Amino acid sequence: MGSSGTPDQPLRVAIVGSGPSGFYAAGHLLKSKSHPDLNIQVDVYDRLPTPWGLVRGGVAPDHPNIKAVSRVYEKTAAHPEFRFYGNVEYGRDVTHEDLHARYHAVIYAVGAQTDRRMGIPGEDLPGSWAATEFVAWYNGHPDYRELEFDLSSERAIVIGNGNVAADVARMLALTREELAQTDVADHALDVLAESGIKEIVVLGRRGPAQVAFTNPELLELGEMTDADVVVDPRDIEVDPLSRRWLESEAASAAARKNVDILTGYAGRAPAGRRRRIVLRFMVSPLELLGEDHVEGIRICRNELREQDGGLRACSTDTIEELGCGIVFRSIGYRGTPLEGLPFEERRGTIPNEGGRILDEQGGPLRGDYVVGWIKRGPTGIIGTNKRDAQETVDVVLADLDAGRLNDPADPSRETLEELLAERAPDHVTYTGWEAIDSVEKAAGEPHGRPRVKLTRTEELLEAARARALGVKPARPRARRPKRPAPAPGKPRCR
Ligand SMILES: Cc1cc2nc3c(=O)[nH]c(=O)nc-3n(C[C@H](O)[C@H](O)[C@H](O)COP(=O)(O)OP(=O)(O)OC[C@H]3O[C@@H](n4cnc5c(N)ncnc54)[C@H](O)[C@@H]3O)c2cc1C
């Protein structure tokens, strides 16, 4: 081998997953500065009929400017040697063996498909949800559209102090008019707009200096049209350990700014808006209470202790109970294993070195690479995946130069398409996605919405097929906005 990437034999690369990391990897490969004359073909797969991963299915609907990053990916997709195969699932429709028989390199960009659990009693009661489920539901992910969220109680609890927790709190507090300007899934619009929730309590296990919100997300909570942000001044007193850390060079400017923002919130008098977002710190959930449904939560007060070079939250004997009807845990996403590949259970990632997947002995698996959240864990913003993808693409191209890529038996596009026609006859090409995109945008346009999402796989496939057959697909109907304690034990440190 070693002759791929030449005029006679294009370098064939498969990317499994069409979220930011997959698309950045495709873009870097198709426009490689180090290999400007490379003859390359890039095929991107996704288990959904639609591309963009969490940009479509995670980023909050009221953040259209962030969703607009997809324009960058559209430019990559316009490259003549790019192909999209949506509605094709790795592990179900295509296997490791199938891809290795057809590609010189496979890059896995599957993200983190599940969430971390709290591991406390009552976690499985009805009314206890993973933020992942709620987010996927309001963003119209087909696998989650049938979920039913009961928002009739007065208080919701959100556990976690990161941006996803902030998104969940905001989505619970937006007004109908605000929601109706977004691409929130229609099935979620009415449920959210008619919610009876008056108070959203966001619980953080550590103090204001340690929150993981970015500054803009925290600021947004203080700018809601119809919700007051409430912080108890006693709750944000910075403890001596955190104070010392904030004054040291180790503290980031963002952490200092977060403390300033929260101090500002603590000095605000509520303006009597319809809802309240209450930010609480130094508390951890111990148990969700209720017989057949969540009726409350038992929490304990924490204190910070220095441990293993960091500040850990350790439980104290001070216990409190709060009534609530729904709980969202937002304590992190988690990757899941993929057929034919090693998996690092503890971190929920695929073991790798700079993007090269490692086998159990720690040696590189020939032709297998990884990028994005499944490579480094569920951290970082969309832009983080751009740098990350560059690192992975650099090792793919270094392995090309060194003759260390996979040697596929049949690297032709024609036989691949034959395989897909047999295994995944309903696959969606990029043209099919463009048809879906235009149907959704056209349905949103009369209502001043960016799009009205198709949320059933069948509807998505029908819209994709209609273009191929020259048929006018049915438009999704847009909704018009209507008028308006456990025994104290040994401290647990996390
Ligand atoms: C709720 C939420 C909100 C966020 N908001 C922001 C924000 O406002 N701003 C920001 O900068 N960042 C935000 N992020 C972070 C950002 O979304 C991630 O950094 C980014 O999406 C990670 O990219 P990825 O490609 O690794 O994974 P993903 O975006 O998850 O993409 C993975 C893709 O792989 C596909 N896939 C999975 N398994 C298979 C399989 N077996 N076969 C084929 N395809 C498969 C999935 O369908 C998906 O399309 C947010 C994250 C979340 C969870």
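It should be emphasised that the depicted structure is a prediction, and the values quoted were computed from it without experimental measurement. Order of appearance sets the numbers: ligands from 1, and atoms from 1 within every ligand.
The OH atom of Y103 sits 10.0 Å away from the CG atom of D98 when rounded to the nearest 0.5 Å. Rounding to the nearest 0.5 Å places CZ of R366 at 7.5 Å from CG of D407. A distance of 11.5 Å separates OH of Y369 from OH of Y108, quoted to the nearest 0.5 Å. With rounding to the nearest 0.5 angstrom, the OH atom of Y24 is 12.5 Å from the CD atom of Q390.
On a distance-only criterion, D46 and ligand 1 share at least one N/O pair closer than 3.5 Å. Residue W373 has at least one nitrogen or oxygen atom sitting less than 3.5 Å from a nitrogen or oxygen atom of ligand 1, judged on distance alone. The shortest N or O to N or O distance between Y90 and ligand 1 is under 3.5 Å. Annotation: G372 places no N or O atom under 3.5 Å from an N or O atom of ligand 1; distance criterion only. Looking at ligand 1, you won't find any N or O of Y45 less than 3.5 Å from one of its N or O atoms. The shortest N/O to N/O separation between R376 and ligand 1 does not fall below 3.5 Å. For the pair A60 and ligand 1, the shortest N or O to N or O distance does not fall below 3.5 Å.
With a 4.0 Å heavy-atom cut-off, ligand 1 is reached by the side chain of V135 but not by its N, CA, C or O.
The aromatic ring centres of Y90 and Y45 sit 6.0 Å or more apart. Separation of the Y85 and Y430 ring centroids does not fall under the 6.0 Å cut-off. A ring-centre distance under 6.0 Å is not found for F84 and W433.
At the top of the distance list for atom 16 (C) of ligand 1, counting protein heavy atoms only, stands I382 CG1, 3.9 Å. Remark: minimum distance from atom 52 (C) of ligand 1 to any protein heavy atom is reached at V164 CG2, 3.9 Å. In terms of protein heavy-atom proximity, atom 9 (N) of ligand 1 is closest to I66 CG2, 3.6 Å. The protein atom (non-hydrogen) at minimum distance from atom 19 (O) of ligand 1 is N385 ND2, 3.1 Å. With hydrogens left out, the protein atom closest to atom 5 (N) of ligand 1 is V59 CG2, 3.7 Å, a heavy atom. In this structure, the protein non-hydrogen atom closest to atom 43 (C) of ligand 1 is R47 N, 3.2 Å. At the shortest separation from atom 17 (O) of ligand 1 among protein heavy atoms lies L54 CB, 3.4 Å.
A salt bridge between R102 and D43 is absent, with no side-chain N of the basic residue lying under 4.0 Å from a carboxylate O of the acidic one. E199 has no carboxylate O lying under 4.0 Å from a charged side-chain N of R275, or vice versa, which leaves the two without a salt bridge. One finds a salt bridge joining R170 and D167 here, because a Lys/Arg side-chain nitrogen approaches an Asp/Glu carboxylate oxygen to under 4.0 Å. Look at D115 and R329 and you find a salt bridge, because one of the NZ, NE, NH1 or NH2 atoms lies within 4.0 Å of a carboxylate O, short of that distance. A salt bridge does not link K453 with D186: every distance from a Lys NZ or Arg NE/NH1/NH2 to an Asp or Glu carboxylate oxygen is 4.0 Å or more.
Shown here, atom 14 (N) of ligand 1 is out of close reach of the protein: none of its heavy atoms lies under 4.0 Å off. Less than 4.0 angstrom separates atom 50 (C) of ligand 1 from none of the non-hydrogen atoms of the protein.
Counting the atoms of ligand 1 from 1 in the order shown, those under 4.0 Å from a heavy atom of V88 are 43 (C). Near G19, meaning under 4.0 Å from any of its heavy atoms, are these atoms of ligand 1: 25 (O), 29 (O), 31 (O), 33 (C). Atoms of ligand 1 lying under 4.0 Å from any heavy atom of G380, numbered from 1 in the order shown and given with element: 15 (C), 19 (O). Applying the 4.0 Å criterion to heavy atoms of Q113 picks out, from ligand 1, the atoms 37 (C), 46 (C). Close approach of ligand 1 to V16 is summarised as follows: ligand atoms under 4.0 Å from at least one heavy atom of the residue are 42 (N), 43 (C). Taking every non-hydrogen atom of G53 and a distance limit under 4.0 Å, the qualifying atoms of ligand 1 come out as 29 (O), 31 (O), 48 (C), 49 (O). Per-residue contacts place Y333 under 4.0 angstrom from the following atoms of ligand 1 (heavy atoms of the residue considered): 1 (C), 53 (C). Listed by number with element, the atoms of ligand 1 under 4.0 Å from a non-hydrogen atom of D167 are 3 (C).
For the residues P378, G58, G22, the heavy atom positioned nearest atom 3 (C) of ligand 1 is part of G58. For atom 27 (O) of ligand 1, the candidate residues are A25, G111, P20; the nearest heavy-atom contact is made by G111. Relative to atom 32 (C) of ligand 1, the option among G17, G332, A109 with the closest non-hydrogen atom is A109. In this structure, of S330, P216, S21, P51, the residue bringing a heavy atom nearest to atom 24 (P) of ligand 1 is S21.
When side chains are defined from C-beta on, I382 counts as touching V59, because their heavy atoms get closer than 4.5 Å. Taking the side chain as every heavy atom from C-beta outward, E391 and K375 approach each other to under 4.5 Å.
For the residue pair E178 and T175, a side-chain donor N or O sits within less than 3.5 Å of a side-chain acceptor on the partner. Between E339 and T95, the side chains place no donor N or O within less than 3.5 Å of an acceptor N or O (distance only, hydrogens not considered).
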For a side chain to side chain donor-acceptor pair (under 3.5 Å) check, start with the C-alpha distance between R334 and T114, then their side-chain angles and the critical distance, and finish with the verdict.
CA-CA 5 Å; R334 199 182 141 73; T114 185; over 6 Å; no

